[in-house]
Structure formats: C-alpha cells, structure tokens
Amino acid sequence: MAGAESPAGCPAELEPVVSLVDVLEEDEELENEACAVLGASDSEKCSYSQGSVKRQALYACSTCTPEGEEPAGICLACSYECHGSHKLFELYTKRNFRCDCGNSKFKNLECKLFPDKSKVNSCNKYNDNFFGLYCICKRPYPDPEDEVPDEMIQCVVCEDWFHGRHLGAIPPESGDFQEMVCQACMERCSFLWAYAAQLAVTKVSAEDDGLLLNVDGMGDQEVVKPENGGHQDNTQKVDVPEHEMNAGKEVKAEQQSEPCASSSSESDRQTVFNSENTKTELKSACRLQELQAKQFVKKDAATYWPLNWRSKLCTCQDCMKMYGELDVLFLTDEYDTVLAYENKGKSAQASDRRDPLMDTLSSMNRVQQVELICEYNDLKTELKDYLKRFADEGTVVKREDIQQFFEEFQSKKRRRVDGLQYYCS
C-alpha cells in the first residue's frame, strides 16, 4: 500500500510498478532492434561463401583473439555455432567484410560451419572496435569507469563509434539526423565541407554566427574563400572546328540547368548536336566545383547529415575518381547505408513471422483443433474479466495476482475434466 511505513517508523520501500503495456512495448522495441541488426544476416549459415558481404552483423571473439593478437571478425552464424560460450564484442554492422572464423588468426579453433577458408581475408578492414575499444578515448562500451551518460554514434565512413562529447560538435537530437562523419574522416575527406555548408543538419557556413566564430578564421576553423570574388563562370564553351564555322554549320548545345545531384552519371553530361544530327557527349559542370566556388568553412569537428544526403553527391567522372582514391566509393551506393540494411532485415522478419497459434492448429486433427480453440476462448474471456476488476478498482496488477489467476484457471479446468462422464454403447 502506498505510504505504508515499516515497524521502525521508516517509510517502506515501494516496489517499482511496471504496467503490462510497458513490458509489451519494451519487448516489442527490443525485438524490432534485434530484427534491424540481425534480420538481414543469416543465423544458420556462415557468410564466408558470399565473399565480402556488403553489410552484415559482426562480432569479435575476445576468447580466441584477445588484445595483442591479430584482430578478427566473425559472422552471426559463427557467433552462435562456434563461439557460443566465448566472450564476444558486438560490432553492430560493418561493410564489405568476410568472416574470419577458423582462419589462421584462430590458433586453436576450426569453423564448424565453413572450415575450408583462406588463411586471411586481405580485403577486410579492422580497427580498435575488434578489441572492444571505441572512440578517440579508446575506452570500452559500456565503460564501468565512465559516469557520464552519453550516446555512442557510429561514423558512416570509418565505422568507429564515438561519444557525442568527443566529436567536436554537439550532436543534434537523434531523430534529426541520419548519419555522422567524424572529425578525422572530415579531415581526410575534406571535399565534404563544401557539401556540409548546404546539406548538413547543422549547417556549417561562414554566415552562421551561432556555429562559427567569424569569417576571419579564429580557433580551429578555416574559412575557404573562392577566387574571383566568389563567383564562378558556369558558361560552358563548345569548340567548333573552323572549317565547320566557315561552312555555315550551326551547333546547338543542350545545357543542364541543375548540377549533377543524382546517383546516375547520365546527368553529368550534356549532348551537342550539329547539322548532320551527330551528337557528342560533353562533360557538364561538376556540382562539387560549383559548391567549392562559394565560401565555406572547415572545422575540427564532426558533421551530421540528413536522410538521402548521399544522393546529392556529384558523380561526374572526376568526382568518382576522387572517391575511389579516398576509398569512399560506398558513399554513392544507396544500399550501403545502415538504414537500408535495417529495412531489409525488418522486411525479411515480417515475411517470416508466423502466428504460433495457427502453427499449432495446423499440426492437429479436427477434434484437437476444436478443443484448443475452446480452451483459448475460455482463457481469453476469464482473463479479461479478471483484469477488468483491477481496472475498475484502479489497483495495480502484481505478479502474484497473475499467478493466482492461472492457478484458479487450472483448478477449474481439472474440475471440468474430472466431472465428465463417459458412456460405452
């Protein structure tokens, strides 16, 4: 009873009250999270045969490859079958990774699901996450020595996880951005600063006094000013041979009014026609160059990006070459995102889910089906009536109340069965 006191006169500790709705909602949330992370990964077959998987759930085994050994990653199925009793680090998801389980990095373990593996997977990439360390502070998560509540955010480029307070820029609300690029990756991929001025959730521009110190470059920021007073001549010139000009031939160029913002390279070109109706593909203006012609700011900080921001990246030939040299071609792949992976997992789980009651009914004969349906309806009716009393009285349903209900329900069921009379003809 609320407000009750113990015999010593001290208020009795109230038992924390959790409603059935709270329990069901929490269970559903955990199930959805598990479906998102694990749903698109196979829990029964080692993923090694698929090569470098575009994105999958990964684990590192501290038992088999402790700190000081070579880092290694294992797939979801191997984490269950080969490392079930081991200490594992959950790595969430990683891109373009091939399962290491049982290869030369594992001294005393052979993969039970796919033992015939190469000694090493040379295309795999590793970081401190594989030893359970994260962020620039190189601490475990959860960290028993860290008393500051802080959300961990994964960088979309290096795929390391960072404390929000160690990113150099306060993260927006979690629902306000889709992806984050950490400080180190922004420095390495400095072309992103030109996009950040236009696309980032927290705009990074020289005019935003709320974010920047001033345009003269104070502190750890750098203002990049365009040449020629910040203007760029976007007029596209077409060279026409002199003999064609003398012959009076006309050349017409179809120019694009929009910069190349889609993931298709078709939009990066323009078509030139002459009087003989032959056409020549000419390279159009690069969107990155257009953005770099404007004043923008570089800072020693992470950036936060909205949904579908990657589709705004230029895909002209020069930019694609740059992405390849920086090893970030995946930024132009819409299916590389964690969101795409999670949606794939949720979709797969939704199609695989079955009603356990219907599965049970399908394995019974008609008499058993009728009996089960009757029992189910009786339980449903009595439980509803039982819980209604608590709702009417405004009292909390406790564990012992539920236990009492099922004990009484079983007792009534036994009395009904014992009271049946059987006749032989």
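Along the sequence shown, the residues carry numbers beginning at 1.
The side-chain tip of Lys105 does not point at the ring of Phe130 from less than 6.0 angstrom away and within 45° of straight on.
Using cut-offs of 30° and 60° on the angle between ring planes, the pair Phe177 and Tyr304 is perpendicular.
Residues Leu76 and Ser79 approach most closely at O-OG, 2.5 Å, considering heavy atoms. Minimum heavy-atom separation, Cys99 to Lys117: O-CE, 3.6 Å. Shown here for Cys314 and Cys319, the closest heavy-atom pair between the two residues is O-CB, 3.6 Å. Scanning all heavy atoms of the two residues, the minimum distance from Cys182 to Ala302 falls at CA-CB, 3.9 Å. Lys45 and Ala77 get closest at one heavy-atom pair: O-CB, 3.4 Å. Of all the heavy atoms in Gly168 and Ala301, the pair that sits closest is O-CB, 3.5 Å.
Of the possible donor and acceptor atoms, none in the side chain of Tyr48 sits under 3.5 Å from a partner among the backbone N and O of Cys101. Remark: the backbone N or O of Ser52 is not paired with any side-chain donor or acceptor of Asn96 at under 3.5 angstrom. Although no hydrogens or angles enter the test, the distance criterion places no donor-acceptor pair under 3.5 Å between the side chain of Arg95 and the main chain of Thr337. At least one donor-acceptor pair closer than 3.5 Å links the side chain of Asn129 to the backbone N or O of Leu133. Remark: side-chain polar atoms of Arg188 are paired, donor with acceptor, to backbone N or O of Leu326 under 3.5 angstrom. Checking side-chain atoms of Thr63 against main-chain N and O of Lys87 turns up a donor-acceptor pair under 3.5 Å. Although no hydrogens or angles enter the test, the distance criterion places no donor-acceptor pair under 3.5 Å between the side chain of Arg287 and the main chain of Cys316. With hydrogens and angles ignored, the 3.5 Å screen pairs no side-chain donor or acceptor of Glu69 with any backbone N or O of Pro66. With hydrogens and angles ignored, the 3.5 Å screen pairs a side-chain donor or acceptor of Lys94 with a backbone N or O of Glu159. The closest donor-acceptor contact from the side chain of Thr381 to the backbone of Asn377 lies under 3.5 Å.
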Checklist entry - Going through the checks in order, is the ring-ring contact (aromatic ring centres under 6.0 Å, His included) test met by His86 and Tyr59? => result CA-CA 11 Å; His86 297 179; Tyr59 300 81; over 10 Å; no
Checklist entry - Can you check side-chain contact (heavy atoms from CB on, under 4.5 Å) on Lys294 and Gln198, steps first, answer last? => result CA-CA 10 Å; Lys294 304 173 183 178; Gln198 306 295 324; 4.3 Å; yes
Checklist entry - After noting the C-alpha distance and the side-chain angles of Leu313 and Leu192, does the key distance pass the side-chain contact (heavy atoms from CB on, under 4.5 Å) rule? => result CA-CA 9 Å; Leu313 297 178; Leu192 287 174; 4.3 Å; yes
Checklist entry - Given Phe409 and Tyr386, is the side-chain contact (heavy atoms from CB on, under 4.5 Å) satisfied, shown in steps? => result CA-CA 11 Å; Phe409 183 79; Tyr386 183 75; over 6 Å; no
Item to check | Worked verdict on Val53 versus Phe97 for side-chain contact (heavy atoms from CB on, under 4.5 Å) | outcome: CA-CA 5 Å; Val53 180; Phe97 198 94; over 6 Å; no
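Between Val338 and Arg55, the closest side-chain pair of non-hydrogen atoms falls below 4.5 Å. Looking at heavy atoms from C-beta onward, Met320 lies in side-chain contact with Thr332 at the 4.5 angstrom threshold. Looking at heavy atoms from C-beta onward, Lys398 lies out of side-chain contact with Phe390 at the 4.5 angstrom threshold. In this structure the side chain of Gln154 never reaches within 4.5 angstrom of the side chain of Met180, judged on heavy atoms. Using a 4.5 Å heavy-atom cutoff, the side chains of Phe296 and Leu291 are not in contact. Under the 4.5 Å side-chain criterion, counting only non-hydrogen atoms from C-beta, Leu379 is in contact with Phe405. In this structure the side chain of Asp100 reaches within 4.5 angstrom of the side chain of Asn121, judged on heavy atoms. At least one side-chain heavy atom of Arg165 sits under 4.5 Å from a side-chain heavy atom of Val148.
The closest side-chain donor-acceptor pair between Glu400 and Gln404, if any, does not fall under 3.5 angstrom.
Applying the 6.0 Å contact sphere to NZ of Lys380 captures no more than 12 heavy atoms from other residues, nucleotides or ligands. Heavy atoms of other residues, nucleotides or ligands lying less than 6.0 angstrom from CD of Gln368 number more than 12.
With rounding to the nearest 0.5 angstrom, the CD atom of Glu81 is 10.5 Å from the SG atom of Cys75. Distance check: Lys138 NZ to Asp160 CG gives 5.5 Å after rounding to the nearest 0.5 Å. Here the CD-CG distance, from Gln178 to Asn308, works out to 8.5 Å after rounding to the nearest 0.5 Å. Here Asp116 contributes atom CG and Ser118 contributes atom OG; the two are 8.0 Å apart, rounded to the nearest 0.5 Å. A distance of 12.0 Å separates CG of Asp378 from CD1 of Ile373, quoted to the nearest 0.5 Å. The distance from atom CZ of Phe106 to atom SG of Cys61, rounded to the nearest 0.5 Å, is 6.5 Å.
For the ring-ring contact (aromatic ring centres under 6.0 Å, His included) test, no residue two or more places apart in sequence or in another chain qualifies with Phe131.
Comment: Asp392 engages Lys388 in a salt bridge, judged by a side-chain N to carboxylate O separation of less than 4.0 angstrom.
For the ring pair (Phe, Tyr, Trp, His ring centres under 6.0 Å) condition, the pairs that include at least one residue of residues 311-331, sequence neighbours left out, are Phe191-Tyr323.
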